[in-house]
Structure formats: structure tokens, C-alpha cells
*Asks:* 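Pasting a structure below so you can have a look.
Along the sequence shown, residues are numbered consecutively beginning with 1.
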Amino acid sequence: MTQPSTIATAAVAAVATGVLAYAVYFDYRRRHNPEFRRQLRRSEKKQARASKEAAEAAQQAQRQYIKRAVDEAKEEGFPLSPDEKEAYFLEQVQNGEILGADPDKTVEAALAFYRALKVYPTPSDLINIYDKTVSKPILDVLAEMIAYDGTLRIGTNYTGAPDVAELMREMGVAGVGLD
């Protein structure tokens, strides 16, 4: 009577021999058959093209999702009173930080940071803070949201008027102070 370990060893040896024989056969065909090599190159190019197209389609789908999310956030509206804005801002930043911990929720985290940015009095200052604290994938999505939203004024203060200090720096006028 044969032992189960002997049968298992024989089965594993047979499978290993089969895999090794196929590897040797594949290598022989790859080295000696020009048509086989061409076929391999064609299939590699086809796979590369398909993966590139899939990546482009995924990127396009993400852009559409971002646009829908920004449009929905605008439709929901934003608070108007200072107290409501402050509470909304803190809530959205907290949501963004929680969602940002999960790499699968990059767009949702960026949307929360975007909502906080919409109610912040000086968006450019908040963007500088985001640059230092938020991960790059979330910042990239947030940048797409900002680019899509034409109503978000980065160089303005809380009243909606242009930031005079920023305009003076752009024009090269020396300001008053310790320059």
C-alpha cells in the first residue's frame, strides 16, 4: 500500500515537470520561430494599447465625476452668515481629513476641501495651507475642481473685491512697510 505522502510527492513532481517542459518548449519557440516572436510583439503592443486606452477612459470618467460633483455642490449652495460659514468650514475640513485617510475616497476628500475653500474668506491662503497639509492626489483633484469652477476667485478677499496688496505686487509697485 502506498502512502498518501508518496502520492502527493509524485503528483507535485509530475506538475513541476510539466511546467518546466512547457517553459523549455516556449523558450525554444521564442528563440527559433520568427513568426512566434512577431506574434508575441503584436500581443504586447495590443495589450499596451488597450491599457493606455483604459487609463485614458478612466481619467475622462474621473473628470466627468469631478464636474458633476462640483455642479452638485454649487446647486446645494453655501452658507451666507459668518457663523454658518465658520461651522460649515470646520465641518468640511474635518470631513476632508477623515476621507483623505482612505486612498479610495480621493475625490470625496477633495470635494470636502473644495466646499471649505468656497466659504473661506481668503481662498489663496487656504490653498497655501492645503499645499502643506493635504496629500498630492487630493491636491490634484482639488486643482481640477478649482479650474472647473469659474466662480471661485482665488485672488480676492472675503468681500469679493480684488486683493489690493496682490495687485500691487503684480504691478511691481513697492508697498508701504518693511520691503
*Asks:* Please evaluate residues L111 and E108 with respect to the criterion side chain to side chain contact (heavy atoms under 4.5 Å, CB included), reporting the C-alpha separation (whole Å), side-chain torsions for both, the decisive distance (0.1 Å), and the verdict.
*Replies:* CA-CA 5 Å; L111 183 61; E108 291 83 0; 5.6 Å; no

*Asks:* Measure from NZ or CZ of K105 to the centre of the six-membered ring of F113, then state whether that distance is under 6.0 Å and the direction lies within 45° of the axis.
*Replies:* no

*Asks:* Are D149 and Y114 close enough, and set up right, to give a side chain to side chain donor-acceptor pair (under 3.5 Å), and what steps lead you there?
*Replies:* CA-CA 10 Å; D149 184 6; Y114 166 79; 2.5 Å; yes

*Asks:* Identify the residue among Y130, Y120, Y88 that makes a side chain to side chain contact (heavy atoms under 4.5 Å, CB included) with V93.
*Replies:*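 Answer after filtering Y130, Y120, Y88: Y130.
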
*Asks:* Should I127 and L142 count as side-chain neighbours, where that means a heavy-atom distance under 4.5 Å?
*Replies:*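 No, their side chains stay 4.5 Å or more apart.
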
*Asks:* Decide yes or no on side chain to side chain contact (heavy atoms under 4.5 Å, CB included) for K52 and E56, but give the supporting numbers first.
*Replies:* CA-CA 6 Å; K52 182 179 177 183; E56 288 174 2; 3.5 Å; yes

*Asks:* Is R115 salt-bridged to E76, cutoff N-O under 4.0 Å?
*Replies:* yes

*Asks:* Output, in order, the C-alpha distance, side-chain angles, deciding distance and verdict of side chain to side chain contact (heavy atoms under 4.5 Å, CB included) for E86 and V119.
*Replies:* CA-CA 8 Å; E86 183 179 355; V119 297; over 6 Å; no

*Asks:* How long is the straight-line distance from CZ of R41 back to NZ of K45, given to the nearest 0.5 Å?
*Replies:*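 Output value for this atom pair is 7.5 Å.
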
*Asks:* Of the non-hydrogen atoms in E84 and L80, which two are nearest, and what is the gap between them?
*Replies:*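 E84 and L80 have their closest heavy atoms at OE1-N, 3.8 Å.
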
*Asks:* Check this for me, if you would: do D71 and R68 make a salt bridge, where the nitrogen-to-carboxylate-oxygen distance has to be below 4.0 angstrom?
*Replies:* no

*Asks:* Donor-acceptor check, side chain of T122 to backbone of D125, threshold 3.5 angstrom: yes or no?
*Replies:* no

*Asks:* Minimum heavy-atom separation for G96 and A109, please, with both atom names.
*Replies:*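 Closest approach of G96 to A109, heavy atoms only: O-CB, 3.7 Å.
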
*Asks:* Any salt bridge linking E35 with R38? Criterion: basic side-chain nitrogen under 4.0 Å from a carboxylate oxygen.
*Replies:* yes

*Asks:* Could you tell me whether a side-chain N or O of R30 sits under 3.5 Å from a main-chain N or O of R37, the two making a donor and an acceptor?
*Replies:*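 No: the side chain of R30 does not pair with the backbone of R37.
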
*Asks:* Measuring from atom NZ of K136 to atom OG1 of T106, what distance do you get when rounded to the nearest 0.5 angstrom?
*Replies:* 12.5 Å

*Asks:* Is it true that I98 and L90 fall in one hydrophobic cluster, defined by side-chain heavy atoms closer than 4.5 Å?
*Replies:*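 No; tracing contacts between hydrophobic side chains, which count when under 4.5 Å, never links both residues.
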
*Asks:* On a heavy-atom basis, which atom in P123 and which in L117 lie closest, and how many Å separate them?
*Replies:*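 Smallest heavy-atom distance, with atoms named: O-CD1, 3.5 Å.
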
*Asks:* May I have the step-by-step check of side chain to side chain contact (heavy atoms under 4.5 Å, CB included) for Y65 and V107, ending in yes or no?
*Replies:* CA-CA 9 Å; Y65 180 69; V107 176; 3.2 Å; yes

*Asks:* What about F26 and F36, are their ring centers closer than 6.0 Å?
*Replies:*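 Yes, the ring of F26 comes within the 6.0 Å limit of the ring of F36, centre to centre.
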
